[in-house]
Amino acid sequence: MIELSLIGIGTGNPRHITGQAVDAMNAADLILIPLKGADKSDLAGLRRQICAAHLTNPATKVIDFALPVRDASNPSYRKGVDDWHDAIAETWLSEITAHVPGLEGRVALLVWGDPSLYDSTLRIAERLKSRLPLTTKVIPGITAIQALCAAHAIPLNDIGAPVVITTGRQLRDHGWPAGTETVVAMLDGECSFQSLPPDGLTIFWGACVAMPEEVLIRGPVAEVTDEILQARADLRARHGWVMDIYLLRRNVPAA
């Protein structure tokens, strides 16, 4: 039986790692580190840094593997994602079979933020259950939403009010969600807040939150959009990637 631990690691800051996460890492026989291409090698490096900071069990193997690339040309976004997840599951299976003798042991994956929030690791793990005996254990981590609110020193919600957590694609396709004054957008590579009417809209934006490269910008969307676009482009040019997140509020009282 394989025990697969999906370990939330926060936004990449080694100090985000919980005691429970440290225990799970050191209990693992194998930790798999995905490689997402040369332009995103820093991401694998961050995972390696976390292992170096917290891993004390000399028996734990840390193995890199090439992560399959999603076919962005597929006209069906959902079908493209499903095919991609199938390919990742096959890669996990190959690595586990190669490195865990007799398919008996503990395997861990380090997941940005928390495995429950806009992350597909749990869905990919489900695909493996038809291929090998597997139990899944989740170690919660600090989410990007928590890190963003902490960085800006703001509450996530207004008193007694709901919050909608969504994606940039949803904002572009469907506009402002009904029934809320607060929206958090994740997985947005296109700064989709630009598609919304800016009047009365305040943004709290952060990139590489809680990392040395952290950039925070806040203010009326109409006034800070260009600043955000430039900061995002600068970070991508320096690192080859950028992880950002933002919270939008309507009708924020003037300070």
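Excluded from the calculations below are hydrogen atoms, water molecules and symmetry mates; all remaining heavy atoms, backbone and side chain alike, are included. Residue numbers start at 1 and run along the sequence shown.
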Pair up each side-chain donor or acceptor in residues 180-189 with any protein partner under 3.5 Å, not counting sequence neighbours, and list the distances.
| unit_1 | atom_1 | unit_2 | atom_2 | d |
| --- | --- | --- | --- | --- |
| T180 | OG1 | P162 | O | 3.0 |
| T180 | OG1 | T182 | N | 3.1 |
| T180 | OG1 | T182 | O | 2.9 |
| E181 | OE1 | N251 | ND2 | 3.3 |
| E181 | OE2 | R250 | NH2 | 3.2 |
| T182 | OG1 | R249 | NE | 3.0 |
| D188 | OD1 | E190 | N | 3.0 |
| D188 | OD1 | C191 | N | 3.3 |
| D188 | OD1 | S192 | N | 3.4 |
| D188 | OD1 | S192 | OG | 2.9 |
| D188 | OD2 | S192 | N | 2.7 |
| D188 | OD2 | S192 | OG | 3.4 |
| D188 | OD2 | Y246 | OH | 2.5 |

Whether S120 side chain and R123 backbone form a donor-acceptor pair below 3.5 Å | no
Do V242 and I145 belong together in a cluster built from hydrophobic side chains that touch within less than 4.5 Å?
-> no
Mind checking the CD1-CG spacing from I154 to N157? Nearest 0.5 Å is all I need.
-> 10.5 Å
Scan side-chain atoms only and decide if T143 and Q146 contain a donor-acceptor pair under the 3.5 Å cut-off.
-> yes
Side chains of L148 and L247: closer than 4.5 Å at any heavy-atom pair?
-> yes
Contacts of S73 that satisfy side-chain hydrogen bond (donor to acceptor under 3.5 Å, both in side chains) - sequence neighbours left out | D71
Distance (rounded to the nearest 0.5 Å) between T167 OG1 and D173 CG = 8.0 Å
Taking it one step at a time, do S116 and V138 satisfy side-chain contact (heavy atoms from CB on, under 4.5 Å)?
-> CA-CA 9 Å; S116 69; V138 174; 6.0 Å; no
Gap separating the CG atom of N13 from the CD1 atom of I50, nearest 0.5 angstrom = 8.0 Å
Those residues at least two apart in sequence (or on a different chain) that pass side-chain contact (heavy atoms from CB on, under 4.5 Å) with E214 are A151, V209, L216
Begin with the C-alpha distance, continue with both residues' side-chain angles, and end with the deciding distance and a verdict on side-chain contact (heavy atoms from CB on, under 4.5 Å) for V107 and E3.
-> CA-CA 6 Å; V107 178; E3 180 182 281; over 6 Å; no
Student check: side-chain heavy atoms of T136 and L6 closer than 4.5 Å | yes
Side-chain (E104) to main-chain (M1) donor-acceptor, under 3.5 angstrom = yes
Can you give the donor-acceptor pairs under 3.5 Å from side chains of residues 51-65 to other protein atoms, not counting sequence neighbours?
| unit_1 | atom_1 | unit_2 | atom_2 | d |
| --- | --- | --- | --- | --- |
| H54 | NE2 | P14 | O | 2.9 |
| T56 | OG1 | N26 | OD1 | 3.1 |
| N57 | OD1 | A59 | N | 2.9 |
| N57 | ND2 | N26 | O | 2.7 |
| N57 | ND2 | T60 | OG1 | 3.4 |
| T60 | OG1 | A28 | O | 2.7 |
| K61 | NZ | H99 | O | 2.7 |
| D64 | OD1 | R48 | NE | 3.4 |
| D64 | OD1 | R48 | NH2 | 3.1 |
| D64 | OD2 | R48 | NH2 | 3.4 |

From CG (L201) to CG (L248), nearest 0.5 Å | 5.0 Å
Evaluate whether atom NZ of K137 has more than 12 neighbouring non-hydrogen atoms of other residues, nucleotides or ligands under 6.0 angstrom away.
-> no
Taking the side chain as C-beta and beyond, is there a heavy-atom pair between I203 and V224 under 4.5 Å?
-> yes
Verify the cluster assignment for I31 and I139: are they in a single hydrophobic cluster under the rule of side-chain heavy atoms below 4.5 Å apart?
-> yes
Would you give the length of the straight line joining atom CG of L103 to atom CG of L134, rounded to the nearest 0.5 angstrom?
-> 10.5 Å
Answer yes or no: is there a side-chain heavy-atom contact under 4.5 Å between R47 and W112?
-> yes
Between T91 and A66, which heavy-atom pair has the shortest distance, and what is it?
-> CG2-O, 3.8 Å
Joint hydrophobic cluster, L109 plus W84, side-chain heavy atoms closer than 4.5 Å = yes
Least distance between heavy atoms, L171 atom then P177 atom | CD2-CD, 4.2 Å
So, does D244 use its side chain to make a donor-acceptor pair with the main chain of A207 at under 3.5 Å?
-> no
Please report the C-alpha distance between L128 and I124 in whole Å, then the side-chain angles of each, then the deciding distance to 0.1 Å, and finally whether the side-chain contact (heavy atoms from CB on, under 4.5 Å) criterion is met.
-> CA-CA 7 Å; L128 278 184; I124 297 167; 5.7 Å; no
What's the verdict on side-chain contact (heavy atoms from CB on, under 4.5 Å) for H174 and T166, showing C-alpha distance, side-chain angles and the deciding distance?
-> CA-CA 11 Å; H174 304 292; T166 188; over 6 Å; no
Any donor-acceptor pair under 3.5 Å from R106 side chain to L30 backbone = no
Do NZ/NE/NH1/NH2 and the carboxylate oxygens of D82 and R78 come within less than 4.0 Å?
-> yes
Any chance you could lay out the side-chain hydrogen bond (donor to acceptor under 3.5 Å, both in side chains) test for D226 and Q230, step after step, and finish with the verdict?
-> CA-CA 6 Å; D226 289 345; Q230 186 61 57; over 6 Å; no
Should F204 and W176 be counted in the same cluster of Ile, Leu, Val, Met, Phe, Trp and Tyr side chains packed under 4.5 Å apart?
-> no
Between H16 and G10, what is the shortest heavy-atom contact and its length?
-> ND1-CA, 3.7 Å
SB check D83 K79 (cutoff 4.0 Å) = yes
Supply the atom-to-atom distance H239 NE2 to C208 SG, rounded to the nearest 0.5 angstrom.
-> 5.5 Å
Within one Ile-Leu-Val-Met-Phe-Trp-Tyr cluster: L132 and L4, side-chain cutoff 4.5 Å = yes
Spell out, as yes or no, whether a donor-acceptor pair under 3.5 Å connects the side chain of H152 to the backbone of W205.
-> yes
Exercise: identify the closest heavy-atom pair between I142 and A147 = CG2-N, 4.4 Å
Distance-minimising heavy-atom pair for S195 and R172 = OG-CA, 3.9 Å
Which heavy atom in G80 sits nearest to a heavy atom in R70, and how many Å separate them?
-> O-CG, 4.0 Å
Return the set of residues passing side-chain hydrogen bond (donor to acceptor under 3.5 Å, both in side chains) with R131 (not counting sequence neighbours), or none when no residue passes.
-> E90
Return the set of residues passing side-chain hydrogen bond (donor to acceptor under 3.5 Å, both in side chains) with N74 (not counting sequence neighbours), or none when no residue passes.
-> none
